[in-house]
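Below: one structure, written as structure tokens.
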Amino acid sequence: MSDTIQLLTRQQVAARVAADIPDGSYANLGIGAPTDVADCLPAGVTIILHTENGLLGMGPKPPAGEEDIDLMNAGKQYVTALPGASYFHHADSFAMMRGGHLDYCVLGAYQVSATGDLANWHTGAKDAIPAVGGAMDLAIGAKSVFVMMDLLTKKGVCKLVQRCSSPLTGVGCVKRVYTDHATFDITPAGVVAYDLVPGLTFEALETLCGFPLLRKS
Amino acid sequence: MSDTIQLLTRQQVAARVAADIPDGSYANLGIGAPTDVADCLPAGVTIILHTENGLLGMGPKPPAGEEDIDLMNAGKQYVTALPGASYFHHADSFAMMRGGHLDYCVLGAYQVSATGDLANWHTGAKDAIPAVGGAMDLAIGAKSVFVMMDLLTKKGVCKLVQRCSSPLTGVGCVKRVYTDHATFDITPAGVVAYDLVPGLTFEALETLCGFPLLRKS
Amino acid sequence: MNKICPSLEEALADIPDGASIMIGGFGDAGVPFQMIDALVAQGAKDLTIISNNAGTGEEGIAALIKRDRVKKIVCSFPRQANSKAFDERYLSGKLVLDLVPQGNLAERIRAAGVGIGAFFTPTAYGTLLADGKETREIDGRNYVLEYPISADYAFIKAHRGDALGNLVYRKTARNFGPVMATAAKCTIAQVSEVVAVGDLDPETVVTPGIFVKRVVEVKADGARA
Amino acid sequence: MNKICPSLEEALADIPDGASIMIGGFGDAGVPFQMIDALVAQGAKDLTIISNNAGTGEEGIAALIKRDRVKKIVCSFPRQANSKAFDERYLSGKLVLDLVPQGNLAERIRAAGVGIGAFFTPTAYGTLLADGKETREIDGRNYVLEYPISADYAFIKAHRGDALGNLVYRKTARNFGPVMATAAKCTIAQVSEVVAVGDLDPETVVTPGIFVKRVVEVKADGARA
């Protein structure tokens, strides 16, 4: 059935995330796909971006030839600093996150559980070289943690699960999951699915997930 | 017998303390008498003074008319900042102290015990209004904590004691006590007395203290 | 995004009775006197004040205490030459004092701002001020477990600020401002000068705007600089 | 007081085998590459390295690892596109990895610098990286107890420095420098420019000189800024 419906592109998912971040928010956009969210922020709104390597007020990438080795984001890409920006050291930077001062953070994920557990740092493979970076700090830090991911792996396995099989990054920390199939809110009552792509039925989505979902009231 | 000997003045005690702080040290001079130590530092040596309200590189008091309400020391006296100074907030300032980065701090005391306990924040009187300030942080913070005090109260009671009767500021934290009668090192073996003022015998000093002292070897 | 408030009155309008308020300053340096005056006029009572001192003379925190607006004060050094308003109410039991060593005060406020649940500090071990508190020996040294101190509001005085809430301070008036700014639900900064966004060098901003909700310009006067 | 060292060689001469060394930097920003090159030349081995990354390519920490000078690395993100030197030795068991979440790494280093014995952090609760660690619920939130990380040496890169050891940094190259400077017995700073004492504005000094033992000027080159 997935063959007959048009899934959202990564840019379309990013645009959905961007639309849900209100004017005046402070946000951290994780490494990878979430970075696209920045490009989708509507004109005229002020969303102040934090990058955990020590910059609040991060701007877009610089024009070619104007890259500065001392000015990069957490993904180690060259960025710029907007007017009103500030630099600070790592403990102060993570204080912003861990102290609950960021309104939003947007992360990728291997798996998210129905209770908001996040797995995004370690595949669980025995011979994998582990690397965690700031993932565990981001997971517990922002007021609202959004995940942005494809609903299915390339092999067709659902990444929204009842219980994560991959090692956890954080427990019960995810609030909302944006996917190419639909958006999901993690609530105390269960997982609420909405914004399904045209042609995808609620029942078909529930079958893909393999556990009961709730309709948006 | 105390009548027949010439006790050190507060300035002479301060000069003794100053002579023991080596060139290149970082020091915090507490409120009150220890402040005099700054005036006794020999010319040509660099002792960098810390004041816990957020300044490293504190200089002398400003000329009359040049006082700045935003530039004071922990005793709330106007001071200056020397070339090479830096300002920082309270948590960073106390980090300097509590993290063991200051080489010396010099404090006044109500009592010091033979094991280096310090009492200098609370007389113990029931109706006293307590105030502690940075005393407890200073007591445990510097690499070497020096006390500067008169050996006897105005009523003639010795302030160097076997066990403090006043509430403690810190446990086992004092390394050396400079007084108007003599200097005392607090060591694991006991209290070593030296630099007795002329005319004061070791035995007389021991009688004043009321507990056994050690001679400097 | 514009955090500039046109007046102290407006900036303080929503402070309810029973609020907890951090107030910056050490001695007179960095005390937001005009903001405290505005709080006196605003009328909120049953306040918990967290500050280094408890006010002297008739000004600042002393003015609040004198009008019996304060039910509890958390501070390191209430007793001063001229702390009469505090002294009277403390001795008569009308005002509760929570006395905290100055370094613990700064570090506990920071802990609230950075999301630390509790920490082991060497300060006050073995003293009256650690009575009844959990202690632990770690690597041969004794520590006391201390918890974060947060507040509903923080009143801080800075030198310059912009519409995004970025702040820089002046000399030793910096003191508690930057840590308090991180530890309150609503931080209000009184600044001597509002500058345009972009005018503060990003390398020298001390309090990034994320920690500040409202900025009010109060021009420096002679006496209170 | 003059902390300026004429050469990296001299600044690093006393580093013994078995030393623990913090190395600043995040990505390439703030990495004291020339100081690491000098350490490679100096020859110390059995080192414990504390840094955010484990080096990439042939440079920096990767150069140390490639020569088998490192016995243990404490970091948050060793695996990278080109972290071959680390990967090989980690997988063969020749190199011990202590993986620490980045925020815990920064805060544990700070704790060492400020004399905190241990602290409760929310990060990593319920994950593999908290396995076997003490936990506690405080005010309804779960925390893990973490201990300070200190070192014998810290290698940091700053923008400008003076003979008293005062430092300012440049943009996101600041990263771990200021916290590492506080947590090592001997902090050595590589600065792009030595300036006269008094030339740095006291309001903008990021690392006060008390935390720095040696300063070496290494002029910025094109590739490594």
Side-chain angles (χ1 to χ4, degrees), chain C residues 29-30 101 103-104 106-125 130 133-150 158-160 167-175 177-179 182 192 200-208, chain D residues 30 101-104 106-125 130 133-150 158-160 167-175 177-179 182 192 200-208:
Chain C
N104 281 354
E107 191 72 15
R108 290 173 65 185
I109 293 170
R110 178 189 180 272
V114 309
I116 296 296
F119 60 91
F120 286 101
T121 173
T123 296
Y125 178 83
K133 297 191 174 186
E134 181 176 336
T135 61
R136 188 180 293 199
E137 187 181 325
I138 300 170
D139 274 344
R141 192 169 195 198
N142 290 307
Y143 295 89
V144 181
L145 188 65
E146 292 285 359
Y147 293 87
I149 298 176
S150 60
H159 186 43
R160 294 195 177 94
L167 304 176
V168 296
Y169 300 80
R170 190 167 175 276
K171 305 188 177 182
T172 60
R174 187 182 302 195
N175 58 67
V179 282
T182 69
S192 302
L200 298 174
D201 178 355
E203 299 283 6
T204 71
V205 168
V206 174
T207 294
Chain D
Q102 200 172 144
N104 280 354
E107 191 70 15
R108 290 173 65 184
I109 293 169
R110 178 190 180 273
V114 309
I116 297 295
F119 61 91
F120 286 101
T121 173
T123 297
Y125 177 83
K133 296 192 173 185
E134 181 175 338
T135 62
R136 187 179 295 199
E137 187 180 324
I138 301 171
D139 274 345
R141 194 171 194 196
N142 290 305
Y143 295 88
V144 180
L145 187 66
E146 291 286 358
Y147 293 86
I149 298 175
S150 59
H159 185 44
R160 294 196 177 93
L167 304 178
V168 296
Y169 299 81
R170 191 167 174 277
K171 304 190 178 183
T172 59
R174 189 184 300 197
N175 59 68
V179 282
T182 69
S192 302
L200 298 175
D201 178 356
E203 299 281 5
T204 71
V205 168
V206 174
T207 294

Do NZ/NE/NH1/NH2 and the carboxylate oxygens of C:Arg110 and D:Glu107 come within less than 4.0 Å? yes

Distance-only polar pair, side chains of D:Thr207 and D:Tyr169, donor-acceptor under 3.5 Å: yes

Could you look at D:Ile138 and say if it's the side chain, the backbone, both or neither that has a heavy atom under 4.5 Å from chain C? side chain

Between C:Lys171 and D:Glu203 (salt bridge meaning N to carboxylate O under 4.0 Å), is one present in this structure? no

Among C:Arg141, C:Arg136, C:His159, C:Glu146, single out the residue with the greatest number of heavy-atom pairs under 4.5 Å to chain D. C:Arg136

When you measure from the side chain of D:Asn142 to the backbone of D:Pro122, do you find a donor-acceptor pair of N or O atoms at a distance under 3.5 Å? no

Turns out that what part of D:Tyr147 lies under 4.5 Å from chain C's heavy atoms comes down to side chain

With chain D as the partner, which of C:Ile116, C:Thr123, C:Thr204 has the greatest number of non-hydrogen pairs under 4.5 Å? C:Ile116

Is the backbone of D:Pro101 close enough, under 3.5 Å, to the side chain of D:Asn104 for a donor and an acceptor to pair up by distance? no

Under 4.5 Å to a heavy atom of chain D? For C:Val114 that would be side chain

